[in-house]
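Following: one structure in structure tokens, then a few remarks.
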Amino acid sequence: MVSAVENMAANTSWAALGKATDLRNRILFTLGLLIVYRLGTFIPVPGIDGGALRDFMESAGQGIGGMVSMFTGGALGRMGIFALGIMPYISASIIVQLLTSMVPALEQLKKEGEQGRKKINQYTRYGTVALATLQSYGLAVSLQAGDIVADGQMGFGFIAACMITLVGGTMFLMWLGEQITARGIGNGISLIIFVGIIAEVPAAIAQFFASGRSGAISPAVIIGVLVMVIATIMFVVFMERALRKIHIQYPRRQVGMKMYDGGTSHLPIKVNPAGVIPAIFASSLLLLPVTVSTFSGNSTSPVMSWLLANFGPGQPLYLLFFVAMIVFFAYFYTFNVSFKPDDVADNLKNQNGFVPGIRPGKRTAEYLEYVVNRILVLGSFYLAAVCVLPEILRGQFAIPFYFGGTSVLIVVSVTMDTIQQVQSHLLAHQYEGLLERSQLRGKGAGKGKGTRKKRSPVRR
């Protein structure tokens, strides 16, 4: 049954956005910072030969180059100052979260509240600098080896300038994301990735239809791709909203001389508790070695030739490793970060809640672990299917642009979360309006009673 809050949120009118000044300011602030991000993708790194880079990306755009460029909003294809994107911060955040669940000192720090959270965020920033430095050095060396650097710019000076520019761009993006999260609407980091993907979609669609007009792709393939995209989006929305509700019972309790009946509630467990983290982390592991080998132009060596032949997009080993990494990270991230059965069982026990038929404490933790294990079988294979199926179809039908399930997952998830936050702000604004009107009516009623009391002696 739909709750009163959900019913009220569903009936909230978007026309109330004009009256919600705080929400409107947050949206405008978010849009302004996202425009700054998009402008930064067009500012090039100093010392790059534009013609050589353009020729290289045209040849690599069908494969790994198009994939990486889409995740950076085209900044990598133009070798802009945001060419590394926000991926170093995401990788550092995932690593720190995983270490928090394995290192007792970090786990204790996480339990210290706001101060502990600030320390963990600081460690994440240090990790971002370290990862961005390593990746920028590898990219700078690869650019030199691939003859993409302008004449007279080769050497240590270019490497240093390229590293400083790319690391600074990543740290600026991290700051933008934090500002959007704190003072805007939605999750800043997710919105930056979302805008980077969406910005490349119009050009990819135009290229797709141009290939159809030229006869390179048949009309049946075009219709099939459109149907597949719509079906994938619908499937992702359905699975992201799917929940497994565990019934929770609270006992009767006595407060003073009154006895209160025990309430009932439910513990919602998502079919995919880890979100898009497994897909992003698996993609970053697969993209790193192939990206370095592609940009370095070192594909003639035996190791690089084997990597490009077996771990390129659509290859059997690539798909098998992708599925294995997604399943592994779905389980690992869920049980170590997003949903810890022991912590949930302890919280229920502290609140005097219990699962009917299950003893509180250890038995409840074992039951929750059993339920989540079964759910993750479906959730992990759902993630793997959404991420891998477009790769297979893209390779079979030679679609001339990158279309991946990871992109669809990110776009749909971020859209749903942002809309939910906007609705929450509108709902809060609606509640504030109701409280203000009730207070005004209360004051008016008080004044009426006062006047009647003053006139009553006269009537007598």
Side-chain angles (χ1 to χ4, degrees), residues 6 71 86-87 90-91 93-95 97-98 100-101 186-187 189-191 193-194 197 228-248 266-286 319-345 347 365 367-393 403-421 423-424:
E6 291 175 345
F71 278 101
I86 201 67
M87 296 306 290
I90 294 176
S91 301
S93 178
I94 294 173
I95 292 171
Q97 286 181 354
L98 295 179
T100 302
S101 62
N187 184 284
I189 303 300
S190 300
L191 281 174
I193 301 176
F194 169 82
I197 295 174
M228 181 185 68
V229 171
I230 295 173
T232 302
I233 292 174
M234 294 175 62
F235 180 61
V236 170
V237 171
F238 174 78
M239 293 299 292
E240 290 298 321
R241 293 179 64 89
L243 296 173
R244 165 71 158 89
K245 297 181 179 180
I246 297 179
H247 187 71
I248 303 296
H266 64 267
L267 177 66
I269 302 176
K270 295 182 66 175
V271 173
N272 176 30
V276 297
I277 295 298
I280 292 176
F281 208 34
S283 299
S284 63
L285 287 180
L286 282 170
L319 298 176
L320 182 63
F321 188 73
F322 199 15
V323 171
M325 287 294 98
I326 288 175
V327 174
F328 170 76
F329 284 119
Y331 275 88
F332 190 82
Y333 189 84
T334 297
F335 283 112
N336 289 279
V337 179
S338 61
F339 188 91
K340 295 183 178 181
D342 293 334
D343 293 347
V344 176
N347 291 334
Y367 174 74
L368 293 176
E369 185 175 356
Y370 169 75
V371 171
V372 175
N373 264 316
R374 295 180 63 187
I375 291 174
L376 277 177
V377 173
L378 177 61
S380 60
F381 279 99
Y382 140 71
L383 277 178
V386 170
C387 292
V388 170
L389 183 60
E391 297 279 355
I392 298 175
L393 296 178
F403 169 71
T406 307
S407 305
V408 177
L409 277 172
I410 294 172
V411 169
V412 174
S413 300
V414 173
T415 302
M416 291 173 61
D417 291 341
T418 305
I419 291 176
Q420 187 176 5
Q421 285 200 26
Q423 286 183 338
S424 299

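We use all heavy atoms of the structure for the numbers below, so side chains are in, but hydrogens, waters and symmetry mates are not.
Between Phe194 and Thr418 the shortest side-chain heavy-atom distance does not fall below 4.5 Å. Looking only at side-chain heavy atoms (C-beta outward), Ile233 and Val408 come within less than 4.5 Å of each other. Counting only heavy atoms from C-beta outward, the side chains of Met416 and Val237 approach each other to under 4.5 Å. For the pair Ile90/Ile193, a side-chain contact is recorded, criterion being any heavy-atom separation below 4.5 Å from C-beta on. Side-chain contact between Tyr331 and Val372 is absent, with no heavy atoms from C-beta onward closer than 4.5 Å. At least one side-chain heavy atom of Pro273 sits under 4.5 Å from a side-chain heavy atom of Leu376. A heavy-atom distance below 4.5 Å is not found between the side chains of Phe381 and Ile326. With contacts defined as side-chain heavy-atom distances shorter than 4.5 Å, the pair Leu409/Val386 qualifies.
Considering all non-hydrogen atoms of both residues, Phe335 and Lys340 come closest at O-CG, 3.6 Å. Minimum interatomic distance between Ile375 and Lys270 (heavy atoms only, all atoms of both residues): CG2-O, 3.7 Å. Here the closest heavy-atom approach between residue Met325 and residue Ala282 is recorded as CB-CB, 3.6 Å. Of all the heavy atoms in Ser380 and Ala330, the pair that sits closest is CB-CB, 3.9 Å. Across Tyr333 and Ala274, no two heavy atoms sit closer than the pair CD2-CB, 3.8 Å. Closest of all the heavy-atom pairs between Leu267 and Ile248 is N-CG1, 3.9 Å.
One finds the CD1 atom of Ile269 at 4.0 Å from the CZ atom of Phe339 (value rounded to the nearest 0.5 Å). A distance of 9.5 Å separates CG of Asp342 from CG of Leu368, quoted to the nearest 0.5 Å. Taken from CG in Leu383 to CG in Leu378, the straight-line distance is 10.0 Å, to the nearest 0.5 Å. Rounded to the nearest 0.5 angstrom, Leu191 CG and Ile410 CD1 are separated by 12.0 Å. Taking OG of Ser338 as the reference point, atom CD of Gln97 lies at 9.5 Å (rounded to 0.5 Å).
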Assess whether side chain to side chain contact (heavy atoms under 4.5 Å, CB included) is satisfied between Asp417 and Asn187, documenting all intermediate values.
-> CA-CA 8 Å; Asp417 291 341; Asn187 184 284; over 6 Å; no
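Checked against the 6.0 Å centroid criterion, the rings of Phe328 and Phe332 qualify as a close aromatic pair.
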